[in-house]
Amino acid sequence: MTTSAPARRTAARIPVRLDRRYLPVLGTFVVLALMLVVGGTRYDNFLTPAVVSNLFINNAHLVVLAVGMTFVILTGGIDLSVGAVLALSTVVTAALLQAGWPVPVVLPLAVGVGTVIGLAHGVMIHLFQVQPFVATLAGMFFARGLCFLIAPESIAIGDPAFVELASWVQIAGQWRMTSSVLIAAIVLGVAFLALHFTRFGRTVYAIGGGEQSALLMGLPVARTTVLAYVVSGTCAGLGGLLFAMYSRSGYSLTGVAMELDAIAAVVIGGTLLTGGTGFVLGSVLGVLVLGLIQTVITFEGTLSSWWTRIVIGVLLLVFVLLQRVLSLRRT
Amino acid sequence: GTATGGGGQSGGADDGVITLGFSQVGAESGWRAANTKSIQDTLTAENGFDLKFSDAQQKQENQIQAIRSYITQGVDVIAFSPVVETGWDAVLEEAKAAGIPVILTDRAVDSEDESLYESFIGSDFVKEGQMAGEWVVDQYDGEGYKVVELQGTTGAAPAIDRKEGFEAAIEGSDLEIIDSQTGNFTRAEGKTVMEGFLNKHDDIDLVYAHNDDMGLGAIEAIEAAGMTPGEDIKIVTVDAVKDGMQALVDGKINYIVECNPLLGPDLAEIAKKVVAGEEVEKRIVVEDQAFDQEAAKEALPTREY
Amino acid sequence: MTQQTPPPVVELTGVTVEFPPVKALDGVDLHLRPGEIHALMGENGAGKSTLIKALTGVHTPTEGTVVVDGVERRFSGPADARAHGVSTVYQEVNLCENLTVAENIMLGAEPRVLGGLHWRAMRRQAATHLRRMGLDIDPASSLGSHSLAVQQLVAICRATVGDCKVLILDEPTSSLDTDEVEHLFTVMRSLRDDGVAILFVSHFLDQVYEVSDRMTVLRNGRLVGEYVTADLPAAELVQHMIGRSMDVLEAAEEVAERTERPAGATPLLQVLGLGRKGSIQPFDLDLYEGEVVGLAGLLGSGRTELARLLTGADRADTGQARVAGRPTRLRNPRTAMGHGIAYTSEDRKGEGVVDGLTVRENIVLALQAERGWMRPLPRRQVDEIVARYIEQLGIRPADPEALLRNLSGGNQQKVLLARWLATAPRLLVLDEPTRGIDVGAKAEIQKLVADLAAGGMSVVFISAELEEVLRLSHRIAVLRDRRKVAEIDGEGASTAQVVDLIAGGGAA
Amino acid sequence: MRDVLRHHLFWPVAALVALLVANTVARPGFLAITVRDGHLFGAPIDILRTTAPLLLVALGMTLVIATRGIDLSVGAVVAVSGAVALSQLAAAPDPAAPGTVLRAIGLALVLCLVLGVWNGFLVSVLGIQPIIATLILMTAGRGVAMLITGGMITTVTSAPFKVLGSGFWLGLPAAAVLAFGVFAAVAYVVRRTALGMLLEATGINPAASRLSGVRSRTLTWTVYAASGLFAGLAGLLISADTMAADANNAGLFIELDAILAVVIGGTALSGGKFNLSGTLVGALVIATLERTVTVLGISPLVTPLFMALVVIAVTLLQSPRMRERFTAVRRRTGTGAQRPAARPDSTEVTAG
Ligand SMILES: Nc1ncnc2c1ncn2[C@@H]1O[C@H](COP(=O)(O)OP(=O)(O)OP(=O)(O)O)[C@@H](O)[C@H]1O
Ligand SMILES: Nc1ncnc2c1ncn2[C@@H]1O[C@H](COP(=O)(O)OP(=O)(O)OP(=O)(O)O)[C@@H](O)[C@H]1O
Ligand SMILES: [Mg+2]
Ligand SMILES: [Mg+2]
């Protein structure tokens, strides 16, 4: 009967022009582009291929962390341990290589450390209903403690095979990349597919939308929650590997507060901390924003320590405000 | 102003101005602030420098990033105080490939290939610990002193080296380190840890703190426990910042080994030499003094930091 | 149909569920046969939802057995139950608003290509399911953009996906309009004819009589009996449910008849050309003291939107409002409250209950908010208010310290009503106040509304049940397509006349 | 007995007791309190004093968390507060003059209040997610503090100001008296007025609260302002403790400790029902834990591991799942006397 008539009309009235869910990501993108343009006009040598590829190279590990963090945040959780797990992974890599273990054995072990810690988080959070913040905070202390136990001092990595793996790939002219960028890109691709084209991914979103609802919908909440933390832990382990490649060393104090960078990147990328909405591509844009802020600071070149912090804060604020304005305009 | 450096041509010295990119660890302590100030005050336009300064906020990745950025900006010299000892080979190789000389300040890098940097200017932390230890042995050996140690940040080079130097120096004496905890180089933690030590031991005779700040924290704790620092419990520290020297003059600290943060003039000199293509020494050890109460009284009025 | 009784697909015996110290279910039996629609009846808080949750593994019974298809089972949860052919739509819509409609319907039985989701096929299949339910919405739209009713229908769609032997619907019709209900019944009947066993909960007796074959009645967590619908007169059913005789009810209903329309001078609230872009066209409305104004319209016709503008829940972008003749801006609910205007939202879960607080706190929330935090209500006054409403509305458990989330749906609704009554408003806007309320309580509430109006309160009454609106209202505003199309006198109005206006037959 | 086990404070208090016992075993005189010059001395008193700043910060944090927010900027605010107060004192001709001290304290507190208001503005008016909104100040705030101190550690001598750190009031450390006093006052206000309930309602269901006329926005704004103010006060205590304003390290990671204290105390980070007495116990647990590390002489290398184990133990034990398990065990092993006791009220409720 006429029931659906008004509905049809409303459906037509709120057209598909642009899904509101993409707005924050779009906002991030626009502001990022804006920053590049402003930077380019303000500083010489800013918009060179070398600077742009450095942006990716310097932040490959953070991209991987942010990707993992996105899964967790989408479920409405948080993972504070990633910085410490990253450090642990670098230390494990360096220590094992120093002890003469072969690279093909060391790499999976380093990543696996993260996986195991992630699994422990998942179990604590799901089975024992410990709040994610606390469980992963404990995980953070734990991983840091292990780092110190293994090696309080930094260990250089001299293994030729590993060094080879960590070296440059010339693409064209000044465009060059490291394999970490490639790995980060693959991780991103896999994460995107997992989130948007698998039941696991959609369940991640569903849990963020409402755990109770997801449970009553008969979705595998338990498995998915645990898996989300496993993904994050694994990404942290992998991030550690990338960082070890980047710095060719393992050090127990690396990555202090790096979890905040990862969380900030995810949130700047338009993901809500309450879970359920956001995109992994946004998180990568978030990482690029943070990286770009850092680049701008170095190009500025005259900031004292305190102005550096203040400028970072202000840029972050400008960024968040612009993004907010852009995404509000259309609602 | 906007960046100069002239698009990749690293011959910025043609115009007589040396563009120097400096990447500082952070601003984690008063010592570091003095260090930064010395560098910023020395490498000025009047002295023929164009200083590009960046603060890595104690993150190695920021530092690597800054150095890479200096390379792409094409500076004449890069100088930095590494956050960690390891992990610099890759980026230093890049600098070398780009023909930009690198000077290390304050902390060393742990690299096999010494050609990656021109020179390392800084104190010898082991020696600092040793000087402290030697003085203690000289003064108190034979009295069975019980020593507690306030360590620096776990795993940091100064903490490791100062511990090592001190232990080596007191070896063979009857001084005994009965407890050792990290105070993270800060006053507040120095105070808390010292409070804990005082709760735990009744027989502490001497505190060895890896920097002045922790020593100053320990003074507060000792006073709060109703004892007199410098008398009931002796205090020996490293750094010799102004506050520490004041405490030394006041008799609350007994001995301070200096760790000189004023690396600016040395850095300027070496940078000029390097750009001019002159040969420089690989290792330039900054001379550290040590002060007892008498020496401190003399030095304090002219102390800059 | 009653001739050859096939063996039950679901058989519960002696099921007991405890939430210490409450025993929500006490030794209840239930037999569900293939090819029947089985109504589960009982007052608010009788234990219907709990029984359903015990069956599907959300709650673990402390005693009793659950046999499905001849095998004793303890499902680990809805997923497990579903895997064994038992699909459930729980009482509160439990879907994910952040996902698309298609995902909400298909997740768990999604079509795949190359191991990944096949989005196009998913949307296509979802659209088919939606059409069967008479819904014509974009499967790619996000669920949260739809009204509660639509969400309810989507939830039912979800339950019918895949092969289900048993379909459980906990108050599926509470937020639906007559047309949707008809549609739903058609679908239910066709499923029944395919041999599906359907368990159905509703507080609408006429619906139950229309669609069910047999029924099980619960009272206070205990089984009263199992009856063949056709053999049980409604009066007797009610008696079984409430444990009292019908007379009480009838007495209540009598009073619930419309009171005399008072002859007001200035309207309490007068709005002129009030409207909001994209939500509702500008409309005029006068509300007088002592008068009940009903809003009639189809689902999505804009009744809720109108109510929200009246009460400051949404801000109007055109038009003006006058309270007692004085121009006012209804900027937010708080300013509206300052003028004595109260609003109970239709969205109990999202905008109504504060489920982590207790019954007491929920009841005094609005009153306390109005007074401001610095002037706490004296404890004695609080206790007195809370006790009064618990008693008056029959809130159960009658424990002021019970957490609201542990109350049954109907009882939560009563607490919400109490929250607003406690503020003693001059204008009370009730959006679906009787949703999910049992027959007895519904009569009580209707009586209450009539009494309040008689006492001088102005009431705006929105309900999906046209009869209820007709019976209570002095005046009825009819909405269509987000536009107020007519205003008729409640006295003489007939159902047919209103239905005609609603459907667009009458003059605008 | 069952009620004791199920009480929300059981496990935090048990943890506190366990830590104290461990300390006493390692150092039998640990709990001894001596009186000297009319002042109390001893490890428990030290613990009270070190708890003081954390307690203040955790107090603000609890209120913020109740509204479903979080305040990461408290550490930076602590630094700013100390920097402002001490540089004021340092610049004054006579740092020990009471007027100067009061002005320095007042100025620092006002500035911190402004910082809190700023956070509240970002969150409640602009609708920025709390974690990001406060991350901005967390980053920039330390910069501001360094700007004020010029990057150096500012030291002054001012006896009246020092009282805040190491002085005594009523025989107890002034810092502890101040912090516990403020805590008690706020707890009293929150629980005796309707503030607590309205905060909880805002945290649990903001939409419903708004419709019920709760001024959610103002409340949210207020708690951030309060959090800033309390952090400022904590900053004063911290800087008075060593009489030095260390812009880099003052209050470093105190936000994590505060959040941990809140969580150990049984308040969920998801907002709503909060529990100030729990926060108090949580803060004491953390302060005692730090002391324990030193007293037990745990190597710096394993300190984080030790912390992790304690945190995991406490949170696992008080997790709802574990509590269920405990009650289940109780019920199974429960004596006959308990069951009938539970029965009458159950029938009462269903019949009511
Ligand atoms: N999780 C819980 N904790 C404590 N008590 C509960 C819980 N869930 C339900 N109850 C209690 O169990 C009883 C039965 O509730 P139930 O939801 O089954 O009622 P219902 O028959 O579905 O009522 P309605 O018609 O209002 O939906 C109520 O008294 C309710 O308060
Ligand atoms: N049958 C339907 N199909 C699609 N959308 C619908 C349908 N019914 C309602 N909606 C949507 O519901 C939204 C809210 O409508 P609104 O709440 O104003 O209606 P209402 O008259 O109050 O009806 P009710 O309260 O009974 O749901 C509208 O945006 C509309 O798009
Ligand atoms: Mg129910
Ligand atoms: Mg409606």
Side-chain angles (χ1 to χ4, degrees), chain C residues 18-24 26 45 47 220-222 308 311-313 332-338 342-345 347-358 360-362 364-377 390 396-399 402-405 416 419-420 423, chain D residues 2-3 6 63 66 68 188-219 222-223 267-268 270-275 324 327-328 330-332 334 338-352:
Chain C
E18 285 178 79
F19 302 107
V22 182
K23 225 175 203 186
D26 192 356
N220 277 344
R222 298 212 174 83
R308 292 181 72 91
T311 54
N332 53 41
R334 208 181 150 76
T335 47
M337 278 168 72
Y343 171 58
T344 66
S345 166
D347 183 3
R348 176 168 63 208
K349 197 170 154 194
E351 293 188 331
V353 300
V354 184
D355 66 0
L357 294 186
T358 61
R360 174 172 55 82
E361 289 166 321
N362 267 283
V364 296
L365 182 61
L367 186 57
Q368 183 61 65
E370 206 179 5
R371 288 169 63 105
W373 66 269
M374 275 190 292
R375 298 196 305 130
L377 285 159
I390 286 183
R396 239 174 301 159
D399 172 14
L403 277 189
L404 208 70
R405 77 162 69 94
L416 278 191
R419 177 189 296 170
W420 289 108
T423 63
Chain D
R2 191 180 65 178
D3 288 346
R6 276 172 63 187
L63 300 181
R68 246 192 218 179
Y188 183 84
V189 167
V190 164
R191 284 304 171 198
R192 277 309 136 106
T193 66
L195 192 59
M197 183 185 90
L198 298 183
L199 281 177
E200 288 172 348
T202 306
I204 296 170
N205 191 340
S209 304
R210 188 181 94 94
L211 281 188
S212 301
V214 179
R215 290 182 204 261
S216 304
R217 179 178 288 189
T218 318
L219 280 179
T222 313
V223 291
T267 300
S270 44
K273 281 280 178 198
F274 65 94
N275 186 344
E324 255 167 48
T327 27
R330 296 264 110 205
R331 231 187 294 162
R332 230 174 292 136
Q338 279 169 349
R339 291 301 299 264
R343 251 164 207 271
D345 30 9
S346 80
T347 40
E348 238 167 59
V349 171
T350 33

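Sequence lines set the chain letters: A, B, ... in the order given, protein chains first and strands last, and positions in each chain run from 1.
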Just to verify, what does C:Met337 make a side chain to side chain contact (heavy atoms under 4.5 Å, CB included) with, not counting sequence neighbours?
C:Ala366, C:Glu370, C:Trp420

Under 3.5 Å donor-acceptor, D:Asn205 side chain and C:Gly350 backbone
yes

Side-chain (D:Arg210) to main-chain (C:Ala313) donor-acceptor, under 3.5 angstrom
yes

For [X] and [Y], which heavy atoms make the closest approach, and how far apart are they?
{"X": "C:Gly352", "Y": "D:Ala208", "answer": "O-CB, 3.2 Å"}
{"X": "C:Ala369", "Y": "D:Ser212", "answer": "CB-O, 3.6 Å"}
{"X": "C:Ser345", "Y": "D:Leu211", "answer": "CB-CD1, 3.9 Å"}
{"X": "C:Leu365", "Y": "D:Ala201", "answer": "CD1-CB, 3.8 Å"}

Quick check: do C:Trp373 and D:Val190 have side-chain heavy atoms less than 4.5 Å from each other?
no

Options [options], ranked by heavy-atom pairs under 4.5 Å with chain D, top entry:
{"options": "C:Glu361, C:Arg308, C:Gln368", "answer": "C:Glu361"}
{"options": "C:Glu351, C:Arg419, C:Met374", "answer": "C:Glu351"}
{"options": "C:Gly356, C:Pro333, C:Ala336, C:Gly45", "answer": "C:Pro333"}
{"options": "C:Asn362, C:Leu377, C:Leu357", "answer": "C:Leu357"}

Once you round to the nearest 0.5 Å, how far does [atom1] of [X] lie from [atom2] of [Y]?
{"X": "C:Arg334", "Y": "D:Ser216", "atom1": "CZ", "atom2": "OG", "answer": "10.0 Å"}
{"X": "D:Arg215", "Y": "C:Asn332", "atom1": "CZ", "atom2": "CG", "answer": "8.5 Å"}
{"X": "D:Met197", "Y": "C:Arg360", "atom1": "CE", "atom2": "CZ", "answer": "8.5 Å"}
{"X": "C:Arg375", "Y": "D:Thr193", "atom1": "CZ", "atom2": "OG1", "answer": "12.5 Å"}

Quick one: list whatever passes ring pair (Phe, Tyr, Trp, His ring centres under 6.0 Å) with C:Phe19, sequence neighbours left out.
C:His59

Go through the atoms of C:Arg371 and report whether side chain, backbone, both or neither lie under 4.5 Å from a heavy atom of chain D.
neither

